[in-house]
Protein chains: 2
Amino acid sequence: MADPPVTLKDVAARARVHPATASRALNPETRLLVREDTAQRVLEAAAALGYRPNTVARSLRTRRSHSVGVLIPDLNNPLFPPIVRGIEDRLAAAGYVALIGNTDGDADRERMLFEQMRARHVDGLVLATVHLGDPLLAESARADLPVVLMNRLAHDYSLPSVSVDNERGIRMAVAHLAGLGHTRIAHIAGPQEVSTGLARYRGFIAAMEAHGLTADPDLIVTAKSFSIDEGMRCAQLLMERDASCTAVAAANDMLAIGCYAALDEVGLSCPADLSVVGFNDMPFIDRLRPPLTTIRFPHYQVGTEAAQLLLERIAGHTGPVKVLFLAPELVVRGSTGPPGATGTPPGPGPGRAVQPSGPDR
Amino acid sequence: MADPPVTLKDVAARARVHPATASRALNPETRLLVREDTAQRVLEAAAALGYRPNTVARSLRTRRSHSVGVLIPDLNNPLFPPIVRGIEDRLAAAGYVALIGNTDGDADRERMLFEQMRARHVDGLVLATVHLGDPLLAESARADLPVVLMNRLAHDYSLPSVSVDNERGIRMAVAHLAGLGHTRIAHIAGPQEVSTGLARYRGFIAAMEAHGLTADPDLIVTAKSFSIDEGMRCAQLLMERDASCTAVAAANDMLAIGCYAALDEVGLSCPADLSVVGFNDMPFIDRLRPPLTTIRFPHYQVGTEAAQLLLERIAGHTGPVKVLFLAPELVVRGSTGPPGATGTPPGPGPGRAVQPSGPDR
DNA sequence: CGGTAGCAGGCAATCGTCTGCATTGGTGGA
DNA sequence: TCCACCAATGCAGACGATTGCCTGCTACCG
């Protein structure tokens, strides 16, 4: 029952031209090589027959698959869907598609997916998973495969990348807490092998110093991964060590959720007993109780920009490597308040907290 | 700098055989046509050269792209990432990849993505977006393109599908509420053009009758989409109409979140003033306050099963069409309680509520 | 009127792999 | 001894589109 697929030859026959001419007429790049009326004739024939170019054959000849690989840790992490959509939408506009690969933070899986992508002849890669000094980078370079990094920086290779200004973001978080009157501020750091974790840790130290506060080593715990479980573990560790901190700046929202869970378990409440700031402003994070104060950055745009950068490299732009930093933004919600404000649960809604100008109350 | 890609011809030359022989030796299906030692020689040559078959050329010849299209409403809806991962993982195990398309519920976008998928010669489609009587189904059938439906049923075509038993799920929700003593139970229905919305609505009516309760038309509102905004609108409508209901069974979790928002706005609390039940058990829904009581089904497995069904059709299995229903499960959390239990905020944590045997308290 | 520039379009090779058919060499049976 | 047959491999033609090169043809200039 399946209609035999209509090929370029069929179109050419109907328009009474050679397939080569039909090809040129159909391709916007080469249309001008063909007389206007001939081109029209071909276009009409194509439309009449419902011609759809065979992308596979085209790819074989042009060595362009019009597809790119996207390696992320896990699609289930709510941070990624908006980014992926950004990538897909920008790519689609250029006639490209994305092949998504989830590494689950496993280097073996990452390598396997990388091989698979290469076998499928992707025209480029967006990597959100590389750790510092990842061998994949060298391999991509050797294969002349364009690569763009997302939320990661590579120190040993100079590669295009898109990420948020992590230092600045965490500085905003610390400034917010210090402004509320907190002095004993803890940090739940992310894994230090990924640039995100490292940059936020460094930013935290710098921000504390800038505010004349001491970054007590006892108040810094490092998570093994950006997960709720790890956030909970670290928060518990903090509470066991010494209860003297009144606020926590977590390296991301997942870790912050872990804090919530740890507080719940011992019957403490946020922000009365402990203020918590996250990082990322994940979707739905504003639906928690209390809604999380966090650092927002434009997820979708990270995706579109990464795709844009990659498309430029694929198109052969050889200019200087672009390293893009997107500006973070502090979103004040209900999870932060002045220290020791027991019994003052904040109302719902994303009311913007006022920066107290002095030590009022 | 790019190494010239190694082709089958290179491998053949190194193994001193004809490319055809090399091809046969490399393909498990045809290996037995080649003498054992020759095959070994080819395999070694391939390994030594780091040969990677060109999937594009293979596809052109065999007319199999080893890729399938997946059309979903929106990757940002947290329901889908786990499902998509299920699909991807199962496909990957069979050497296939998924091309994801987000329709945003827009029929034009859906059609465009469908065309794009066809142009890329996907071997099959997983559709989570079709509405009743979607023309895409007829078109796929005409093109001999295998299709599997997800969370949807088509009444006019008999197609393989995977979905949750919606009627049974909503019945469990109603039974739970009735068991707590609720009699005035409202329903925020989903869009009736999609089978999910329709099935849950019907299930609600049937369940109410089965419990000897009246499904008051005043207590049924239909949302235009499965979104938070619509959930909020519908909940407000319910409260405006008549405050006599003590519980709401929402057609999905997004609508339930909308209820939460509506309650917040007028200062009512859940479950003291209103019990709410959702449907889907989306990721992170257990982190809300109160944690949402909802109907769970195995998202990831929906994905793997759908992929499995599709792979079977692609492989040419022509047996009877399989329609798979996965069993739902009631997850009792903090958003439901006995009617009129004002002043008894439930503690945190996913404690399993006890079914009261009689009207205690 | 001859020469040439330049446009339109045809020809054929190519991308890398698969596969139906032909060819080779060896074996067993009559 | 000859023939038929089988196993193992070579041969060559697709698959469908792109593109460098070449051929006609027209038109313009001197």
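Letters A, B, ... are given to chains in the order of the sequence lines, protein chains preceding strands, and every chain is numbered from 1.
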Contact nearer the 5' end of DNA chain C, comparing A:A20 with A:E36: A:E36
[N] [atom2] sits how many Å from [X] [atom1], rounded?
X: A:D37; N: C:dC7; atom1: CG; atom2: P; value: 16 Å
X: A:R63; N: D:dT19; atom1: CZ; atom2: P; value: 12 Å
X: B:L33; N: D:dA7; atom1: CG; atom2: P; value: 10 Å
X: B:N27; N: C:dT19; atom1: CG; atom2: P; value: 7 Å
X: A:R31; N: C:dA8; atom1: CZ; atom2: P; value: 14 Å
X: A:R24; N: C:dC7; atom1: CZ; atom2: C1'; value: 12 Å
X: A:R64; N: D:dA17; atom1: CZ; atom2: P; value: 19 Å
X: A:L26; N: D:dT19; atom1: CG; atom2: P; value: 13 Å

query: Sub-3.5 Å donor-acceptor pair from the side chain of A:T62 to the main-chain atoms of A:R58, do we have one?
result: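 Judged by distance alone, yes, a pair lies under 3.5 Å.
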query: Counting N and O atoms only, with roles assigned by atom type, does the side chain of B:D104 sit under 3.5 Å from a partner on the main chain of B:D106, one being a donor and the other an acceptor?
result: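 Flag not set: sc B:D104 to bb B:D106 has no pair under 3.5 Å.
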query: Hey, what do you get for CZ (A:F80) to CG (B:L75), rounding to the nearest 0.5 Å?
result: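 Taking CZ in A:F80 and CG in B:L75, the distance rounds to 12.0 Å.
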Proximal nucleotide (of [options]) relative to the [X] side chain:
X: B:H18; options: D:dG16, C:dG9, D:dG10; result: D:dG10
X: A:N54; options: C:dG9, D:dG16, D:dT19; result: D:dG16
X: A:Y51; options: C:dT17, C:dT19, D:dA17; result: D:dA17
X: A:T38; options: C:dG9, C:dT17, D:dT9; result: C:dG9
X: B:L8; options: C:dT17, C:dG10, D:dA17; result: C:dT17
X: A:R58; options: D:dA17, C:dG16, D:dT9; result: D:dA17
X: A:V17; options: D:dG16, C:dG16, C:dG10; result: C:dG10

- prompt: Between A:R35 and C:dG9, is there a side-chain N or O to OP1/OP2 distance below 4.0 Å?
  reply: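 Yes, within the criterion.
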query: How is B:P19 classified with respect to the nucleic acid when contacts are heavy atoms under 4.0 Å: base, sugar-phosphate, or nothing?
result: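 Nothing, no nucleic acid heavy atom in range.
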message: Taking any heavy-atom pair under 4.0 Å as a contact, classify B:V56: base, sugar-phosphate, or nothing.
response: nothing
task: Report yes or no: do B:S163 and B:N151 form a side-chain donor-acceptor pair below 3.5 Å?
output: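 Judged by distance alone, the side chains do not pair up.
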query: For B:L60 and B:T21, take the nucleotide of DNA chain D holding the closest heavy atom to each; which residue's nucleotide lies nearer the 5' end?
result: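 The residue closer to the strand's 5' end, by nearest nucleotide, is B:T21.
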- request: Check whether any side-chain heavy atom of A:E115 sits under 4.5 Å from a side-chain heavy atom of A:E139, and report yes or no.
  value: yes
